[in-house]
Number of protein chains: 2
Amino acid sequence: MASTDSPGNGGRRGRRPGDSGTREAILDAARARFSGEGFRGATVRAIAGDAGVDPSLVMHFFGSKQALFVAAMEFPLDPAEIVPRLVGPGVDGLGERLLRFLLGIIDELGEANPMLGLVRSAVTHPDAARMMREFLGEAILDRIAAAIDADRPRLRAELCASQIVGILMARQILALPELAAADRELLVGIYGRTIQRYLTEPLASS
Amino acid sequence: MASTDSPGNGGRRGRRPGDSGTREAILDAARARFSGEGFRGATVRAIAGDAGVDPSLVMHFFGSKQALFVAAMEFPLDPAEIVPRLVGPGVDGLGERLLRFLLGIIDELGEANPMLGLVRSAVTHPDAARMMREFLGEAILDRIAAAIDADRPRLRAELCASQIVGILMARQILALPELAAADRELLVGIYGRTIQRYLTEPLASS
DNA sequence: ACTCGGATTCAACGGACGTTGAGATCGTGG
DNA sequence: CCACGATCTCAACGTCCGTTGAATCCGAGT
């Protein structure tokens, strides 16, 4: 990690001029570390180092590592605005729209992706698993479930979530080679049809 | 975790009679801890405690925490035997067969599931991610890819892997409620059709 | 009967971690 | 121009971790 040590320069104590943006620098470093190494793997000391700052300043700003995690993993997009925009045009082609959007922000956010941080932490840290379950559930799944007109809407939304989390794991974390290299529109087509089926087609097998 | 402390009793030093099964007790405890908390979260001391044994005995048997992890996460079933048995009857209904088998062993293994341990560790620990990628790739995906008669077989196998890992994440780790409670045969039907599509149907969207 | 070597424990090490408390610095409002 | 309070660093704490080294115990081979 490139320790740019832009703020907090010089080893001198005391306040530097202006607003100094140190708080934001710490949040950026925390996002990168938590996303890349999960809650346990990321250390307050490393985050402070990346931000060019003393570890105790992190505590001064955020109180605890846990609180820093919550602040850093806040999702940069508001689901209350995004989900209706995706669902708005109707249920036709919703699968493809959802996937194009998701793969887009995954590629755009790269390694500083709060979803990666949540997944990497949820897997080890029960508190983070609860955070993710609640965020996923209330902010996204229930909204989608409310928008589709079919039996067992919540189960359908969870089916979609299982495939989407799987994409995240396979491409970003396990880095399965052909999947990671595949053309985005190809994946939109393949996975989009799966999601569409989970959302609207009959569930019971023949 | 129920610290049964069956071996190593009494705080007395020296050798206890016979073969003593201590090594196996350590492996069992390691499987449970690694599966439940991942590589970083599981501690040698806790594993030793569960096995009723001094931490240094773990080192004596296995040399290092890393080596213990490798020994404990060895998959209890041999893919070289399982995969052909599943693929054998032909590609028809392969999706359902694969899923029935997978959901079966997931429920059977419960929390002491090496796949869970690998996933929980891969997410944080790059070495474990490599282990899992190689195991998945060589032992399973390539074998499946070799068995199907369609274009881009390896990509198809990775598509299946992405859905299967997603099932593991959603049901066992995130514990999405409706998915965790759903009837097994219902899931076999739903996911089986997805897997079947990834394996045999045309990839390109219309 | 006597050694030999594996099984086992105890005590300790050095390092990393999250967190704390005290103090230094300096822009800003009165 | 002075005191206040926010920003920032330093040094240290207690804890837990993986690992090591030495010592003890005892079954097995000769």
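FYI, side chains are in, hydrogens and waters are out, and symmetry mates aren't considered; it's all heavy atoms of this structure. Order of the sequence lines sets the chain letters (A, B, ...), proteins ahead of strands, with each chain counted from 1.
Atom CD of A/Glu24 is separated from atom P of D/dT7 by 13 Å (rounded to the nearest Å). Rounded to a whole Å, the CG atom of B/Asp54 is 14 Å from the P atom of C/dA12. Spacing between atom CZ of B/Phe69 and atom C1' of D/dT19 amounts to 19 Å, rounded to whole angstrom units. Rounded to an integer number of Å, the gap from CG of A/Leu68 to P of C/dC17 is 15 Å. Protein atom CZ of B/Arg23 is 13 Å distant from nucleotide atom P of C/dG6, rounded to whole Å. As a whole-Å value, the separation of B/Lys65 NZ from D/dC17 P is 9 Å. The distance from atom CZ of B/Arg45 to atom P of C/dC17 is 17 Å, rounded to the nearest whole Å. Remark: C1' of C/dT19 and CD1 of A/Ile47 are 14 Å apart, rounded to the nearest angstrom.
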Is there a salt bridge (Lys or Arg N to Asp or Glu O under 4.0 Å) between B/Arg100 and B/Glu185? Walk through the geometry before answering.
CA-CA 8 Å; B/Arg100 203 179 326 264; B/Glu185 277 304 310; 2.6 Å; yes
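Among the protein residues, A/Ser64 comes within range of the sugar-phosphate backbone only, with heavy atoms under 4.0 Å from sugar or phosphate atoms but none that close to a base. The residue A/Ala42 sits close only to the backbone: its heavy atoms come under 4.0 Å of sugar-phosphate atoms, none of a base.
A side-chain donor-acceptor contact under 3.5 Å links B/Tyr191 and A/Ser162.
Of the listed nucleotides (D/dT19, D/dC10, D/dA12), D/dT19 has the atom at the smallest distance from the side chain of B/Pro55. Checking C/dT8, D/dC10, D/dA12 against every side-chain atom of B/His60, the shortest atom distance belongs to C/dT8. Counting only heavy atoms from C-beta on, A/Thr43 has its side chain closest to C/dC17 among D/dC8, C/dT9, C/dC17. Nearest to the side-chain atoms of B/Met59 among the listed nucleotides D/dT19, C/dT19, C/dC10 stands D/dT19.
Here B/Ser56 does not reach the OP1 or OP2 of C/dT9: none of its side-chain N or O atoms lies under 4.0 Å away. In this structure, B/Thr22 does not reach the C/dA7 phosphate: none of its side-chain N or O atoms is under 4.0 Å from OP1 or OP2.
For the pair B/Glu96/B/Gln196, no side-chain contact is recorded, criterion being any heavy-atom separation below 4.5 Å from C-beta on. Residues B/Val123 and A/Thr124 are not in side-chain contact: their nearest non-hydrogen atoms beyond the backbone lie 4.5 Å or more apart.
In this structure, A/Phe69 and A/Phe39 have perpendicular ring planes: the angle between them is above 60°, well past the 30° mark.
Between B/Leu57 and A/Gly41, the residue whose closest nucleotide on DNA chain C is further toward the 5' end is B/Leu57.
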